[in-house]
Amino acid sequence: MNVKKAIIPAAGLGTRFLPATKSVPKEMLPVVDTPTLEYVVREATEAGIKDILIITGRQKTAIEDYFDKAYELEDILKKKGDTARLKRIQSIWKNINIHTVRQKEPKGLGHAILCGEAFVGNEPFAVLLGDDIVYNPKKPCLKQLIEVHDQYQASVLGVQTVKDAHVHKYGIIGGEKIAERLYSVKGMVEKPSLKEAPSNAAILGRYVLSPKIFAYLKDTLPGKGNEIQLTDALMALSQKEKMLAYDFEGKRYDVGDKLGFLEATVEFALRDQALSQDFKAYLKELMKTL
Ligand code: UTP
């Protein structure tokens with residue numbers, strides 16, 4: 001079956017980004033001039049997905065407003081003859097079906113995905129974390145995973161190799177290499193110490209999942225911080241069904257982390273045609289003073 005739907009969890013508290021996240025969802029923080037969440041939605045649409053469910057929560061109404069048509073603003077831009085900006089803001093909602101549902105309490109990533117069960121039904125679906133951007137102008141990360149899914153008809157986790165010092169921050173897979181960049185998943189550990197880690201292949205915010213995951217999420221007991229962990233349900237699913245991990249190509253930014261956000265801002269600004277020349281000159285001058 002083809003992957004036609006995606007869930008984007010965006011209901012987390014964003015405590016690492018307080019105080020901004022007291023009233024601004026971290027997924028709406030702009031990287032240059034575009035909210036993180038729009039980069040993520042664009043990745044899904046570029047992978048051929050038109051139906052996207054965003055999991056939101058309290059204090060996150062800015063997300064619904066952003067993906068809605070802005071009549072007054074569009075009218076003002078039209079009267080001004082500012083066609084470029086008009087087209088740009090219309091591109092946010094045109095040709096995409098954005099659905100939203102509220103996670104009533106931030107009970108973890110696993111719980112957030114469970115809120116999408118009725119939307120997904122009984123078909124494979126994609127998950128993209130709302131605070132992770134993956135830059136790959138040639139082939140979006142999700143498209144790479146969907147191609148693997150279509151070939152093998154199995155769940156696929158997006159992974160990349162992380163440094164030893166960062167292993168403790170991620171879900172780490174154990175696996176057997178079966179093709180170029182592709183692993184058969186044989187187990188996984190959530191946030192292991194380096195000693196416990198079966199490899200350095202970290203699960204990084206992109207997944208194509210079998211709908212069977214919902215049954216395992218329902219059976220998953222809350223763990224650390226009273227949160228339902230996706231990794232626990234993935235582990236159970238991997239024991240029953242074929243599960244693959246694909247070492248995707250692309251630069252990934254954890255925008256929910258302050259350093260990750262700054263890295264994304266600098267690098268996207270350097271890629272922006274209108275900004276890059278002046279920004280590079282500024283950075284060069286600044287470097288002399290550091
Ligand atoms: P994170 O763990 O990065 O989000 O979840 P967080 O809990 O908001 O982060 P901090 O540690 O407090 O800063 C990854 C993604 O899953 C979503 C988040 O919004 C983020 O996009 N998420 C997390 C939910 O939708 N619901 C949750 O209960 C937890």
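Nothing here was measured: the structure is a model prediction, and the numbers come from that model. Counting starts at 1 for both ligands and their atoms, in listed order.
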Residues forming a ring-ring contact (aromatic ring centres under 6.0 Å, His included) with Phe125, sequence neighbours excluded: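 Phe125: ring-ring contact (aromatic ring centres under 6.0 Å, His included) contacts with Phe214.
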
Residues that, via side-chain heavy atoms closer than 4.5 angstrom, fall in one hydrophobic cluster with Val266: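 Its cluster mates, by chain and number, are Leu270, Phe279, Tyr282, Leu283, Leu286.
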
Whether Thr36 side chain and Asp131 backbone form a donor-acceptor pair below 3.5 Å: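 A pair under 3.5 Å: no.
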
Any donor-acceptor pair under 3.5 Å from Gln229 side chain to Gly110 backbone: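 Absent.
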
Residues which pass ring-ring contact (aromatic ring centres under 6.0 Å, His included) with Phe261, listed by chain and number, not counting sequence neighbours: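 For Phe261, the residues satisfying ring-ring contact (aromatic ring centres under 6.0 Å, His included) (neighbours in sequence not counted) are Phe17.
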
Donor-acceptor pair between Gln144 and Glu249 side chains, under 3.5 angstrom: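 Checked: Gln144/Glu249 side chains show no N/O donor-acceptor pair below 3.5 Å.
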
Per-ligand residue contacts, ligand 1, heavy-atom threshold under 4.0 Å: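 Within 4.0 Å of ligand 1, protein side: Pro9, Ala10, Ala11, Gly12, Leu13, Gly14, Thr15, Arg16, Lys26, Glu27, Gln103, Pro106, Lys107, Gly108, Leu109, Ala112, Leu129, Gly130, Asp131.
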
